[in-house]
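Heads up: numbering here begins at 1 and tracks the sequence. Fair warning: this is a prediction, and the values are worked out from it, not measured in the lab.
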Amino acid sequence: MDKFTTLTGVAAPLKIVNVDTDMIIPKDYLKTIKRTGLGTGLFAEMRFNQDGSENPDFVLNQPAYRDAKILVAGDNFGCGSSREHAPWALLDFGIRCVISTSFADIFYNNCFKNGILPIVVSPEDLDTLMDDAERGSNATLTIDLEAQEIRGPDGGTVKFDIDAFKKHCLLNGLDDIGLTLAKSAKIDTYEAGLAENRPWA
């Protein structure tokens, strides 16, 4: 998993509440267990018309936001089913950070396990960040995980809270497998002792 330290990029404003995981990645794209290639299906039912053409009104189809790395979204982002394909699709598209006032618990935890930083802010701070995002590509946000702050284009900052363990994992690029491998020396020692003291095991 890639480390998350500091991210500077365009933030796309998604003024929709209760964005569920089926909206993030429709069920038609769940036939794969690969984490790559899902970016094409991100928000597919909103990004594309029925004939497959792009919907020019959807924010990620607008020129200023095609390369957005940050998403500023409405309340209760990631609700619905627990599909891990949702953060996979966001990451494959290039989104490394989602900012909202609240997230569904399973989606929130799945983000951390896939190198995406979900940030919870107050409604007032979300309004400010949404205004910043609506300026387009001329206004970028900087997310500083170590300092736990979001820096706006005009120099303003928004502080955010994060669990210390989740922060440690993102800063060091540790998913569940990485956390296990970090203890490989202790695992090897234990297994060697097991073989020596319990040869039948």
Side-chain angles (χ1 to χ4, degrees), residues 1-21 23-24 42-43 59-60 62 64-80 84 86-176 178-179 182:
M1 187 173 81
D2 291 337
K3 296 179 181 180
F4 190 113
T5 52
T6 302
L7 173 69
T8 297
V10 171
L14 188 66
K15 285 190 170 183
I16 305 174
V17 300
N18 302 320
V19 172
D20 64 35
T21 51
M23 293 167 67
I24 297 171
L42 181 69
F43 298 118
V59 62
L60 294 179
Q62 295 168 13
Y65 301 110
R66 285 186 178 273
D67 297 318
K69 297 179 181 178
I70 302 161
L71 201 59
V72 183
D75 304 339
N76 195 29
F77 190 88
C79 56
E84 197 170 2
W88 292 355
L90 286 164
L91 190 62
D92 193 60
F93 185 84
I95 303 291
R96 290 288 318 268
C97 178
V98 182
I99 304 169
S100 179
T101 56
S102 60
F103 293 91
D105 287 344
I106 295 175
F107 174 82
Y108 183 78
N109 288 307
N110 279 341
C111 281
F112 285 104
K113 293 179 181 182
N114 289 281
I116 296 174
L117 174 60
I119 298 177
V120 177
V121 296
S122 69
E124 294 76 21
D125 285 337
L126 187 74
D127 288 343
T128 299
L129 295 168
M130 196 70 79
D131 287 342
D132 288 338
E134 288 181 329
R135 298 190 205 178
S137 57
N138 293 323
T140 59
L141 298 181
T142 295
I143 315 296
D144 187 332
L145 179 55
E146 184 65 54
Q148 293 180 211
E149 67 180 24
I150 305 165
R151 294 191 285 272
D154 297 326
T157 61
V158 172
K159 294 294 245 181
F160 62 89
D161 294 324
I162 184 173
D163 174 81
F165 178 69
K166 288 181 169 63
K167 176 180 178 179
H168 166 78
C169 290
L170 273 182
L171 286 172
N172 292 282
L174 297 172
D175 57 11
D176 288 347
L179 284 168

Residue pair [X] / [Y], side-chain heavy-atom distance below 4.5 Å:
X: Asp161; Y: Val120; answer: no
X: Phe112; Y: Pro87; answer: no
X: Ile24; Y: Leu42; answer: yes
X: Leu171; Y: Thr5; answer: yes
X: Ile16; Y: Phe43; answer: no

Could you pull out the closest heavy-atom pair between [X] and [Y], with the gap in Å?
X: Lys3; Y: Asn172; result: CG-C, 3.6 Å
X: Ala104; Y: Gly78; result: CB-O, 3.1 Å
X: Met1; Y: Asn114; result: SD-C, 3.6 Å
X: Thr21; Y: Gly80; result: OG1-C, 4.0 Å
X: Gly115; Y: Leu170; result: CA-CD2, 3.7 Å
X: Asn76; Y: Ser100; result: N-OG, 4.1 Å

- Asn110: partners by side-chain hydrogen bond (donor to acceptor under 3.5 Å, both in side chains), with sequence neighbours left out: none

Inter-residue atom distance [X].[atom1] - [Y].[atom2], 0.5 Å rounding:
X: Asp132; Y: Asn138; atom1: CG; atom2: CG; result: 12.5 Å
X: Lys166; Y: Leu117; atom1: NZ; atom2: CG; result: 12.0 Å
X: Ile70; Y: Leu7; atom1: CD1; atom2: CG; result: 4.5 Å
X: Cys79; Y: Asp20; atom1: SG; atom2: CG; result: 5.0 Å
X: Gln148; Y: Ile119; atom1: CD; atom2: CD1; result: 9.5 Å
X: Ile162; Y: Leu145; atom1: CD1; atom2: CG; result: 5.0 Å

Result block: side-chain N/O donor-acceptor pairs under 3.5 angstrom for residues 149-160, not counting sequence neighbours:
unit_1: Glu149; atom_1: OE2; unit_2: Arg151; atom_2: NH1; d: 2.8
unit_1: Arg151; atom_1: NH1; unit_2: Asp144; atom_2: OD2; d: 3.4
unit_1: Asp154; atom_1: OD1; unit_2: Arg135; atom_2: NH1; d: 3.3
unit_1: Asp154; atom_1: OD2; unit_2: Arg135; atom_2: NH1; d: 3.2
unit_1: Asp154; atom_1: OD2; unit_2: Arg135; atom_2: NH2; d: 2.5
unit_1: Lys159; atom_1: NZ; unit_2: Ala147; atom_2: O; d: 3.0

- Listed by chain and number, what are the ring pair (Phe, Tyr, Trp, His ring centres under 6.0 Å) partners of Phe93, not counting sequence neighbours? none

- Message: Would you call the rings of Phe103 and Phe107 parallel, tilted or perpendicular, taking 30° and 60° as the class edges?
- Response: parallel

So with a 6.0 Å cut-off around [atom1] of [X], is the heavy-atom count from everything else above 12?
X: Lys167; atom1: NZ; answer: yes
X: Asp105; atom1: CG; answer: no
X: Asp67; atom1: CG; answer: no
X: Asp163; atom1: CG; answer: yes

- Message: Between Arg96 and Asp2, does the side chain to side chain contact (heavy atoms under 4.5 Å, CB included) criterion hold? Intermediate values first, please.
- Response: CA-CA 10 Å; Arg96 290 288 318 268; Asp2 291 337; 4.2 Å; yes

- Could you tell me whether the side chains of Thr101 and Asp75 share a donor-acceptor contact shorter than 3.5 Å? yes

